[in-house]
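In what follows, a structure is listed as structure tokens, so that the remarks can point back to it.
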Amino acid sequence: MSFTLHGVGVGGGIAIGHAHLVSHETLDVLYFVLPSFLVPQEVERFDQAIAATRAEMESLRASIPASAPAELSAFLDLHLMILGDSTLSEAPKRMIEEQRCNAEWALKQQMEALIAQFESFDDAYLRERRHDVVQVVERVMKSLLGHPGQSPFEGGKAKENSILVAHDLSPADMILFKQNQFAAFITDVGGTTSHTAILARSLSIPSVVALHNARQLINEHDQIIVDGSQGVVIVNPDRAILDEYRLRQEQWELERQKLKRLKTAKATTLDGTHIELMANIELAEDIDQVKAHGAEGIGLFRSEFLFMNRDDLPSEDEQFEAYRKVAKAMKGLPVTVRTLDLGADKQPRFAVQTSDNPALGLRAIRLCLAEPQMFLTQLRAILRASHYGAIQILVPMLTSLGELNQTLALVERAKQSLKEEGIPFDEAIKLGGMIEVPAAALTVKSLAKKLDFLSIGTNDLIQYTLAIDRTDEAVAKLYDPLHPAVLKLVAATIHTGRMLGIPVAVCGEMAGDASLTRLLLGFGLREFSMHPAHLLAVKQQILKTNLPTAESLAQKVLKAWEPEKILALVAKLNEA
Ligand code: PEP
Ligand code: MG
């Protein structure tokens with residue numbers, strides 16, 4: 001019987017293959033009472049399972065291939081940390097001793113207690129970590145049940161067109177994606193911020209998460225179509241659907257191959273206007289991807305990721321090394337280091353804030369100004385790294401001139417301290433501001449006069465203009481880059497920057513959406529910064545763009561109010 005499932009697409013492309021089910025039975029454990037003389041042995045068995053799981057994870061971490069995404073070792077560290085939590089590694093032993101129950105049962109009870117703790121967090125990212133707890137416990141269970149290290153790839157190498165169907169997949173399992181050819185994977189759980197989703201994106205494998213009960217509905221060897229772009233899974237498709245998707249798959253592949261040829265092409269419009277295409281990165285390790293897609297520099301280095309998944313603040317030297325590594329690897333190309341944008345959905349472990357409205361709270365530059373010592377440490381590290389490449393500083397979430405003035409004063413202080421210590425840095429280092437709050441967009445002229453460049457953070461500009469929490473799925477449908485208010489703020493910011501003769505970039509997701517490339521060009525944008533994976537598709541749009549036509553249609557878009565009219569004009573712009 002053919003049926004269709006809908007989830008969240010997290011990796012683009014289409015895959016057609018046969019289901020390979022990943023077992024999730026390890027957590028269905030039985031309860032039994034042990035005779036007292038067996039209790040010490042049971043505790044010992046539990047200890048051994050924990051030790052074996054730790055050894056297995058450590059060996060996985062040591063064998064991460066160089067080509068694996070940088071997040072992988074961070075995820076394994078997180079799993080090791082969960083394994084070391086006393087709720088999982090110690091409390092079950094007390095349960096075994098006190099209740100004389102079997103180790104599997106004790107572990108399962110403790111897992112549920114830990115999951116309940118994670119579920120009570122307000123923060124969506126932290127709530128999602130309950131899946132990591134389950135993944136870790138599954139590993140220990142496998143060890144207790146006598147088949148440790150079992151992976152989704154049991155029984156040797158996977159077939160090339162296998163589609164992994166899992167309740168959930170652990171990041172450790174994902175390492176094997178690099179060594180086994182899988183066509184796609186689909187999972188019951190996971191959201192757009194789950195680790196599985198983050199990894200899927202960086203691996204560029206078609207994948208769909210949040211399918212709820214795919215694992216129950218799909219049988220081993222069922223034929224499946226996975227459409228990672230639409231978030232659709234078709235099980236046992238009929239001939240006509242299969243033919244249609246084969247065609248779409250070929251077209252997608254052809255497109256990708258064509259795009260690869262654009263890597264070294266200059267991004268110029270039909271009249272020869274050069275457009276700068278830059279990359280967004282989270283970690284120094286992302287540089288390989290930046291180079292693979294031919295970016296002309298880093299338009300956004302989200303430095304806060306250096307501060308996450310750890311219990312302490314990174315020292316000045318550690319930060320300096322990270323920034324220097326990127327600067328040197330980019331060999332003179334611009335590297336825009338954004339100062340800390342912690343807060344809201346990016347809470348570091350060392351200072352978990354509780355706030356009813358974290359996106360409107362002590363976030364980004366507000367937090368930095370409230371913690372000047374932490375900010376000065378970062379500024380000194382960035383300045384020191386500027387001696388080794390073309391680094392520039394970008395300040396997130398500016399809202400008022402007062403904040404900018406305070407920031408400038410702290411930059412001066414950091415420079416002064418380095419001078420006094422005789423430490424070299426680029427004295428002419430450029431300082432830019434992110435325009436991502438409507439207040440900043442509306443007063444951009446006053447800010448721009450004191451800045452060297454602007455970068456529009458459309459992700460937040462949309463969030464704050466439309467009053468839509470970007471992490472709240474309940475209002476996700478209302479998150480609209482084409483809302484006339486958003487378009488007017490973006491266009492006006494670009495216009496002001498150009499009038500004042502300072503560069504303006506867009507570094508939010510709008511920059512990487514090829515269906516908006518011409519509209520932004522029409523508004524006068526000449527610099528785009530995006531995830532490297534989107535760069536070639538955007539370049540392709542640029543190469544086919546007639547600027548005067550784009551400019552005149554973009555003006556019409558700005559005069560329209562009705563959503564249908566705006567959509568029709570953008571479609572016309574993309575066909576022109
Ligand atoms: C943005 O807000 O558009 C942006 C680029 O910053 P972030 O997504 O990191 O908030
Ligand atoms: Mg932002």
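Order of appearance sets the numbers: ligands from 1, and atoms from 1 within every ligand.
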Can you list the protein N, O or S atoms less than 2.8 Å from the Mg ion (ligand 2)? E436 OE1, D460 OD2
Donor-acceptor check, side chain of Q378 to backbone of L340, threshold 3.5 angstrom: yes or no? yes
Return the minimal non-hydrogen interatomic distance between L482 and D480, and the atom names on each side. N-OD1, 2.9 Å
Would a distance-only check, ignoring hydrogens and angles, find a side-chain to backbone donor-acceptor pair under 3.5 Å from Y479 to N459? yes
Under 3.5 Å, is there a donor-acceptor pair between the Q463 and D460 side chains? yes
Aromatic rings F121 and F118: how do their planes relate, parallel, tilted or perpendicular, breaks at 30° and 60°? perpendicular
State, without any angle test, whether S515 and D513 hold a side-chain donor-acceptor pair at a distance under 3.5 Å. yes
Do I462 and M510 come within less than 4.5 Å of each other through their side chains, counting heavy atoms only? yes
Quick check on ligand 1: any N or O pairs to the protein under 3.5 Å? One line per pair.
| from | atom 1 | to | atom 2 | distance (Å) |
| --- | --- | --- | --- | --- |
| ligand 1 | 2 (O) | E436 | OE1 | 3.0 |
| ligand 1 | 2 (O) | D460 | N | 3.0 |
| ligand 1 | 2 (O) | D460 | OD2 | 3.0 |
| ligand 1 | 3 (O) | G457 | O | 3.4 |
| ligand 1 | 3 (O) | T458 | N | 3.1 |
| ligand 1 | 3 (O) | N459 | N | 2.7 |
| ligand 1 | 3 (O) | N459 | ND2 | 3.3 |
| ligand 1 | 6 (O) | R338 | NH1 | 2.9 |
| ligand 1 | 8 (O) | R302 | NH2 | 2.9 |
| ligand 1 | 8 (O) | N459 | ND2 | 2.9 |
| ligand 1 | 8 (O) | R470 | NH2 | 2.8 |
| ligand 1 | 9 (O) | R302 | NE | 2.7 |
| ligand 1 | 9 (O) | R302 | NH2 | 3.3 |
| ligand 1 | 9 (O) | R338 | NH1 | 3.2 |
| ligand 1 | 9 (O) | R338 | NH2 | 2.8 |
| ligand 1 | 9 (O) | K346 | NZ | 3.3 |
| ligand 1 | 10 (O) | R363 | NH2 | 3.4 |
| ligand 1 | 10 (O) | D460 | OD2 | 2.9 |
| ligand 1 | 10 (O) | R470 | NH1 | 2.9 |

Quick one: list whatever passes side-chain contact (heavy atoms from CB on, under 4.5 Å) with S386, sequence neighbours left out. I391, F425, D426, I429
Restricting to pairs with a member in residues 433-450, which pass side chain to side chain donor-acceptor pair (under 3.5 Å), not counting sequence neighbours? N405-K450
